Amino acid sequence: MLNQVYLSLGSNIGDRMQHLQRAVEMLQLRPENQLLAISPVFETEPVGGVQQRSFYNIALKLTTSLNAADLLKYLHVIERSLRRQRLIHWGPRTIDLDILYFNNEEYRSATLKIPHPEIKNRRFVIEPLLTIVTEDDFHQRLTDLLATTPDHNWLKIIREKEDVNPWIR
Ligand SMILES: Nc1ncnc2c1ncn2[C@@H]1O[C@H](COP(=O)(O)OP(=O)(O)OP(=O)(O)O)[C@@H](O)[C@H]1O
Ligand SMILES: Nc1nc2c(c(=O)[nH]1)N=C(CO)CN2
């Protein structure tokens, strides 16, 4: 079965664009995954109170035949390969990959929460998502979230939306 998935990626250590690029390439390396859309790259103010450098964030849409648990495992492989260290909760990271939505399914285990519970509190997630969601009802729900989110941190587009191909070469 093909699952439709939305992911959020963020980086704020080292070459942030390169880390996003590598993570996207690694996602596409798995034959189970097919990237469908990638948002513009947003530079975003850090959310969560930790003093740190700004982030580069993107959202992407893919189909995958992996189940949610196996997809999460693979996201951790990518994080490890980009030398992500978990030092500070909500602190700096070379790369962070979160599953935002997985079909219309809900998961509430200790290791996997879908839809991601922080979406409504993160403009850096909602705004990129809005650029790649095409279904009218879904787009409207995200527009409503954007209108009511308590997150008023700044963000700006630093690389316009492109086709998937330039990302995966
Ligand atoms: N939807 C999800 N996507 C990715 N990880 C998730 C999800 N739900 C739960 N997790 C769990 O969250 C754990 C910790 O994630 P991480 O260290 O990236 O947290 P964080 O980035 O500091 O905070 P946040 O999860 O709010 O972005 C992961 O090991 C994973 O098991
Ligand atoms: N702007 C921004 N802020 C964050 C981000 C992020 O990706 N972008 N990730 C965090 C931990 O998941 C904490 N804060």
Side-chain angles (χ1 to χ4, degrees), residues 1-47 53-84 92-105 112 114-116 118-119 122-143 145-146 153-169:
M1 172 185 165
L2 272 191
N3 303 299
Q4 182 168 294
V5 183
Y6 289 91
L7 302 180
S8 168
L9 278 63
S11 169
N12 80 332
I13 295 182
D15 188 336
R16 295 166 287 184
M17 193 68 80
Q18 184 65 19
H19 290 138
L20 294 178
Q21 174 74 45
R22 282 293 302 142
V24 168
E25 285 168 11
M26 285 191 73
L27 279 168
Q28 185 69 18
L29 279 182
R30 285 290 290 256
E32 296 92 339
N33 298 342
Q34 177 74 51
L35 277 163
L36 300 183
I38 302 181
S39 74
V41 179
F42 289 76
E43 184 179 4
T44 68
E45 188 171 6
V47 172
R53 192 178 177 206
S54 65
F55 280 76
Y56 285 6
N57 285 108
I58 56 175
L60 52 86
K61 177 179 181 178
L62 70 153
T63 57
T64 183
S65 56
L66 297 173
N67 63 37
D70 286 340
L71 178 61
L72 181 66
K73 275 189 207 152
Y74 187 57
L75 300 188
H76 288 160
V77 169
I78 297 175
E79 289 180 347
R80 278 198 298 277
S81 127
L82 291 171
R83 299 189 201 291
R84 156 95 187 265
R93 61 248 357 257
T94 52
I95 195 76
D96 185 29
L97 296 105
D98 287 334
I99 305 176
L100 303 173
Y101 298 99
F102 194 91
N103 301 323
N104 289 323
E105 295 166 24
L112 188 58
I114 294 175
H116 194 289
E118 290 297 323
I119 296 172
R122 293 178 167 177
R123 191 170 283 269
F124 71 80
V125 170
I126 304 169
E127 290 216 23
L129 258 183
L130 270 169
T131 69
I132 55 170
V133 162
T134 53
E135 300 93 329
D136 285 345
D137 51 343
F138 190 10
H139 201 274
Q140 187 57 54
R141 275 192 285 132
L142 290 170
T143 305
L145 283 186
L146 190 59
N153 289 290
W154 59 261
L155 41 74
K156 60 180 183 221
I157 292 178
I158 55 159
R159 176 171 163 186
E160 292 297 332
K161 188 174 171 195
E162 287 169 82
D163 194 42
V164 169
N165 288 333
W167 278 94
I168 55 186
R169 291 171 223 189

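Below, all heavy atoms of this structure are taken into account, side chains as well, without hydrogens, waters or symmetry copies. This structure is a prediction, so every number in the text was calculated from the model and none was measured.
The distance from the CD atom of Q4 to the CG atom of N103 is 7.5 Å, given to the nearest 0.5 Å. A distance of 10.0 Å separates CD1 in I168 from CD in Q21, rounded to the nearest 0.5 Å. Atoms OG1 and CD, on T94 and Q18 in that order, are 12.0 Å from each other to the nearest 0.5 Å. To the nearest 0.5 Å, atom CD1 of residue I95 and atom CG of residue L97 are 5.0 Å apart. For the atom pair CG (L155) and CZ (F124), the distance works out to 10.0 Å, reported to the nearest 0.5 Å. In this structure, CZ in F55 is found 11.0 Å from CG in N153, a value given to the nearest 0.5 Å.
S39 contributes a side-chain N or O that, together with a main-chain N or O of A59, makes up a donor-acceptor pair within less than 3.5 Å. D96 places no side-chain N or O within donor-acceptor distance of the main-chain N or O of S11, the cut-off being under 3.5 Å. Side chain of H19 to main chain of D15: a donor-acceptor pair is present (N/O by atom type, distance under 3.5 Å, no hydrogens or angles). E45 places a side-chain N or O within 3.5 Å of a backbone atom of W154 that can act as its donor or acceptor partner.
Nearest heavy atoms, P40 versus T131: CD-OG1, 3.2 Å. Taking both residues in full, the closest heavy atoms of I38 and V24 are given as CD1-CG1, 3.8 Å, listed atom of the first, atom of the second, then distance. L75 approaches L27 most closely through the heavy-atom pair CD2-CD2, 3.8 Å. Nearest heavy atoms, H139 versus L130: NE2-O, 3.2 Å. Considering every non-hydrogen atom in both S65 and L2, the closest pair reads N-CD2, 4.0 Å. Closest approach of N67 to D70, counting heavy atoms only: OD1-N, 2.8 Å.
Between F138 and Y101, the two ring planes are perpendicular [angle over 60°; tilted spans 30° to 60°].
Side-chain contact between M17 and V41 is present, with heavy atoms from C-beta onward closer than 4.5 Å. Two residues are said to be in side-chain contact when any heavy atoms from C-beta on lie closer than 4.5 Å; T44 and Y56 fail this criterion. A 4.5 Å side-chain heavy-atom check between E25 and L35 finds every atom pair outside the cut-off. Between V133 and E135 there is a side-chain heavy-atom pair separated by less than 4.5 Å. Within the 4.5 Å cutoff, the side chain of I78 has heavy atoms near those of the L82 side chain. Side-chain atoms of V125 and N57, non-hydrogen and from C-beta on, never get closer than 4.5 Å to each other. For the pair E127 and L146, the minimum side-chain heavy-atom distance is below 4.5 Å. Using a 4.5 Å heavy-atom cutoff, the side chains of E79 and H76 are in contact.
Defined by atom type and a distance below 3.5 Å, a donor-acceptor pair is present between the side-chain atoms of T64 and N33.
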_Between L9 and L7, is the side-chain contact (heavy atoms from CB on, under 4.5 Å) condition met? List the steps._
CA-CA 7 Å; L9 278 63; L7 302 180; 4.0 Å; yes

*Before giving the answer on side-chain contact (heavy atoms from CB on, under 4.5 Å), spell out for H116 and I119 the whole-Å C-alpha distance, their side-chain angles and the decisive distance to 0.1 Å.*
CA-CA 6 Å; H116 194 289; I119 296 172; 3.9 Å; yes

*Intermediate values then yes/no, side-chain contact (heavy atoms from CB on, under 4.5 Å), S54 and R16*: CA-CA 10 Å; S54 65; R16 295 166 287 184; 2.9 Å; yes

*Assess whether side-chain contact (heavy atoms from CB on, under 4.5 Å) is satisfied between V5 and I99, documenting all intermediate values.*
CA-CA 7 Å; V5 183; I99 305 176; 4.1 Å; yes

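Cation-pi contact between R30 and Y74: present, with separation from the ring centre below 6.0 Å and deviation from the ring axis of at most 45°.
Within 6.0 Å of CG on D136 lie no more than 12 heavy atoms contributed by other residues, nucleotides or ligands. Within 6.0 Å of CG in N104 there are 12 or fewer heavy atoms belonging to other residues, nucleotides or ligands.
Applying the salt bridge (Lys or Arg N to Asp or Glu O under 4.0 Å) test between E43 and each of K156, R53, R159 identifies K156 as the sole match.
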